[in-house]
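For reference, the structure discussed in these notes is given below.
Ligands are counted one by one from 1 in listed order, and the atoms in each one are counted from 1 as well. Counting begins at 1 with the first residue of the sequence.
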Amino acid sequence: MKRQGAMPRLAIASLGGTVSMQAGSGLSAVRPELGCNEQLAKVPQLREMASLEVATLGMLASASLGFAALLDVLAWARGEVERGAQAVILTQGTDTLEETAYFLDLLWPFDEPLVMTGAMRAASHPGSDGPANLLAAAQVALAHSSRGRGVLVVMNDLVHRAASVRKAASLALAAFESPGCGPLGHIVEGVVVYRLPPGRKEVLPLPHHIEHRVALLEACLDADTALLQGVAAQGYQGLVVAGFGAGHVSAAWSTVLGQLVPVLPVIVATRTGSGPTASASYDFAGGEIDLQAKGLHMAGRLCPRKCRILLWLLIGTGRQHLLNKWLPW
Ligand code: DAS
């Protein structure tokens, strides 16, 4: 139970990434070396804002995170809220932040915010953005207006929804965008301002099994069908295709995808990075009308990488038949 006037409890954990990286002496290349307490040492204000529960859960480049590790992180975060944390912050690498945030969002059952952040410049580099992002993440996490919004990504004083955020630049400081809809909010003088009220959000149960795999292949000019034909034989239980334009593939790919439909669920998304797939505009072999007639699912606004995460979690809970309900138009 919370004491009157007591500081809010904030749980913070780090997983690795550039925010935890620094250069060794005499070197300029960086690697993960800083645990969570060392990252927090650069933001002393945090200890005046909240009583902190701190954990270093990993020290990895985010390309090496995986679903099993994320389920462990989720268990830690859920435990912290159950023990009274008002919010949770995770710091990690930015390379997979758009995927990990969506994964956790689909499973986050609380009104308490789970806020994720990282850095584009390592801790040992001039103008490192990690401390500023951590402070902004805490301001967002502790704001009452952040409740009921699921998992939020805070980078560069912007707040993004897990379902729409995307790393859109490899090295730029302003690397994160929410294509098509813009950020959900921004931070001005330490205060978060949202453009929209919280929306109702459905959450998936925890997966009962995690050994299954979902493949992601990108359509490209003059691609043969060899990899596509091998998907089922390689033991994948689902497939996402990052299609051309509004969710299209070549006529040859369409034929093979049609053969895969009785064997595994297939989603076709757009590889463009912005905008929805079409549903009733194009009537050619490999267009969305043909693909839907063959039993493929169109991704709507969900990007290919997030489609793969959604499909993996739905298969893990035996809910793949509900796929269309979960794909946002
Ligand atoms: N590109 C790095 C980062 O921005 C590495 C990583 O994702 O771990 O954090």
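Looking only at protein heavy atoms, the nearest one to atom 4 (O) of ligand 1 is Thr94 OG1, 2.3 Å. Ser62 OG, 2.6 Å is the protein heavy atom nearest to atom 7 (O) of ligand 1. Counting protein heavy atoms only, atom 1 (N) of ligand 1 is closest to Asp95 OD1, 2.8 Å.
For Glu288 (side chain) and Ser281 (main-chain N/O), a donor-acceptor pair under 3.5 Å exists by modelled atom type. A donor-acceptor distance shorter than 3.5 angstrom exists from the side chain of Ser250 to the backbone of Trp253, with no hydrogens or angles considered.
Only the backbone of Ala119 comes within 4.0 Å of ligand 1, judged by heavy-atom distances.
Ligand 1 has a nitrogen or oxygen under 3.5 angstrom from a nitrogen or oxygen of Thr18. Checking only distances, Thr96 never comes within under 3.5 Å of ligand 1, N or O to N or O.
Heavy-atom contacts of Gly17 reach the following atoms of ligand 1: 8 (O), 9 (O) (cutoff under 4.0 Å). In summary, the atoms of ligand 1 found under 4.0 Å from a heavy atom of Ala61, numbered by their order in the structure, are 8 (O).
Heavy-atom minimum distance, Leu184 versus Arg161: CD1-NH2, 3.4 Å.
Salt-bridge check for Lys325 with Glu202: passed, with a basic side-chain N closer than 4.0 Å to an acidic carboxylate O. Ion pair Asp105/Lys201 flagged as a salt bridge, since at least one NZ, NE, NH1 or NH2 atom sits closer than 4.0 Å to an Asp/Glu carboxylate oxygen.
Aromatic ring orientation, Phe103 versus Trp312: tilted (interplanar angle from 30° to 60°).
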